[in-house]
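The structure appears right after this line, and notes come after that.
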Amino acid sequence: MTIKTRFAPSPTGYLHVGGARTALFSWLHARRHGGDFVLRIEDTDLERSTQASVDAILQGMDWLGLDYDEGPFYQTERFDRYNAVIDQLIEQGLAYRCTCSKERLQQLREQQMAAKQKPRYDGHCRDREIGPDEPHVVRFRNPLDGEVVFNDLVRGPIRVANQELDDLIIRRTDGAPTYNLTVVVDDHDMGITQVIRGDDHINNTPRQINLYQALGWEIPEFAHLPMILGDDGARLSKRHGAVSVMQYFEDGYLPEALLNYLVRLGWSHGDQEIFSLAEMTEWFDLSAVNKAPSSFNTDKLNWLNQHYIKSADPARIAELVLPHMNALGIQTNVDDKLIAVVEAQRERASTLVELAEISAFYYQDFAEYDAKAAKKAFKGDAAKCLQHVAAKLAELSDWQREPIHQAVADSVGELDVGFGKVAMPLRIAVTGGSPSPDLDLTLYLVGREAVLRRVDQAIRKISQATLD
RNA sequence: GUCCCGUUCAUCUAGAGGCCUAGGAUCCCAGCCUUUCACGCUGGUUACAGGGGUUCGACUCCCCUACGGGACGCCA
């Protein structure tokens, strides 16, 4: 049988990292086995579903490169099918109409809780043979005894007694089918072979299996993924900053870095940390997925992001960093200079935002020096050294790395000081204290005019400080 | 409360009874490299939740306790 998996988010918010990892694992399982991956939007909750959320989810999937072979399907477009199944269940006596009010149900729950029991429907309408005319919900007639056993591909065998389950509502008063019914119908109709989803659905699985059995359908395999917790070990929520996948895009992360980070959250392949998409596809295996929840760790994500920024094609990084440069007020294009700047700076940044920030000095003058760097560099004879080396640089006929290097070396020789006496103030004067590569490369990329202008500015700053 | 699930360094994890004096990675610290900051390299600190079994032997198997999470909706 062909492997087919799906990702089935409900559009009530953006695609968050937990959902993204569920999608990734599901996608990986399909790709690994040469199967298909389906995207299905579970929008049966008319109240909370929004088009904006659908768009956000689609956008997130697209950015991560999680492509789907079928879909997106929308459950709201399949109501006729669900209702046909529900009607069939009623007809066969496997489901029944119920007129219990929300108030009665609420009261029942409170009583049961007070009696330290698990709240569940008492079957009040089970045998009342209610007709279709008065307002009602439809409930599934869950087996009263026996137990449901299934072998979770991640957790292993799980068993639940039917006595723990109650007659769940499969159609609301307004005629809309509910999750547990729609998910079963869809997974069956779409030929899903492995249902891979968050472990908050473990408790729903036995009910769904009973539904499969009542309908005489083949039961798919299930794999329940542990959840992802925030940095602090608490459930992921808004206060954890970047929970939306697209927030990571905006914060300057590369999709391959996020994917690599996510795949290692709950899954491993020996000691390997860096995985290309091809590698994770080749080795991903549900049986190697952890059972315990894991905490999101931004430090490690940053490390991976830096790794990918460092090893990606500089031209591509230039493309990606450009919007972040623009955001800093720098107007430029992806040209030779930007690519050279990226190559010069990329091992010093863990995000594209950072890369833009530490590269700004190649394009624009700055008002402030890094206090610590300036204090260290602008002292003693710094002004004199700067004056001397500036004169040398001004005389250069050819503004290239070699001659620049030579000019600085000459200056050092003539002044008869250590290299750092000249190089340090010069670097800080030109960069303001930003991380930067070899001095000659830095000066070359900044350009002669800007270098001389900034050295001048630094000399003035030093003399001013001396006067104070 | 009831049911289901989980528990190895701060964090992600390796570990399928002896290979474990518990390995790797991130973080942190120190050193080297060095004209800054990084990168890189070397080294270091830190973990099997607790208690009982089973076994010649348990991080690995079983039970109990503790802690954590999830579910218990006319949400998904």
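Quick note on labels: first sequence line is chain A, next is B, and so on, each numbered from 1.
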| note | Which of B:C4, B:C74, B:U13 is nearest the side chain of A:T173? It is B:C74
| Going by number, which of residues 45-56 of chain A have a non-hydrogen atom under 4.0 Å from RNA chain B? | A:D45, A:R48
| note | Checking N1-N3 plus N6-O4 or O6-N4 for Watson-Crick, or N1-O2 and O6-N3 for wobble, each under 3.5 Å, the partner of B:C67 is B:G6
| request: On the 0 to 90° scale, with breaks at 30° and 60°, tag the A:F296-A:Y248 ring pair as parallel, tilted or perpendicular. | output: tilted
| remark: Mate of B:G17 across any strand shown (Watson-Crick or G-U wobble, both atom pairs under 3.5 Å) is none
| query | When we call it a touch if two heavy atoms are under 4.0 Å apart, what does A:K102 touch: a base, just sugar-phosphate, or nothing? | reply | base
| Taking only N and O in the side chain of A:R109, is any of them less than 4.0 Å away from OP1 or OP2 of B:G73? | yes
| query | Between A:P9 and A:N203, which has a closest nucleotide on RNA chain B that is more 5'? | reply | A:N203
| request: Name the closest nucleotide to the A:R427 side chain, picking from B:U35, B:A38, B:G1. | output: B:U35
| Applying the side chain to side chain contact (heavy atoms under 4.5 Å, CB included) test to A:V185, which of A:L181, A:D187, A:T182 qualifies? | A:L181
| task | Could you tell me whether the side chain of A:N83 and the main chain of A:F79 form a donor-acceptor pair under 3.5 Å? | result | yes
| field | Contact nearer the 5' end of RNA chain B, comparing A:S436 with A:I158 | value | A:I158
| field | Selection from B:C74, B:A38, B:C3 that lies nearest to any side-chain heavy atom of A:E164 | value | B:C3
| query | Between A:E354 and A:R348, is there a side-chain N and carboxylate O pair less than 4.0 Å apart? | reply | no
| request: Taking only the side-chain heavy atoms of A:A423 (C-beta and beyond), determine which of B:G24, B:U35, B:C74 contains the nearest atom. | output: B:U35
| Between the base of B:C12 and the side chain of A:S294, is there a donor-acceptor distance below 3.5 Å? | no
| Where the side chain of A:E347 is defined as all heavy atoms beyond and including C-beta, which of B:G24, B:A76, B:C39 is the nearest nucleotide? | B:C39
| query | Among the nucleotides B:C39, B:A76, B:C37, which one has an atom lying closest to any side-chain atom of A:K310? | reply | B:C39
| Under-4.0 Å side-chain N/O to phosphate OP1/OP2 contact, A:T182 with B:A76 | no
| OP1 or OP2 of B:U13 less than 4.0 angstrom from a side-chain nitrogen or oxygen of A:N297, does that happen here? | no
| said: Between the base of B:G70 and the side chain of A:D199, is there a donor and acceptor pair under 3.5 angstrom? | reply: no
| query | Hey, does A:M280 have a side-chain heavy atom less than 4.5 Å from the side chain of A:L28? | reply | yes
| Hey, is the side chain of A:K372 poking within less than 4.0 Å of OP1 or OP2 on B:C37, counting only N and O atoms? | no
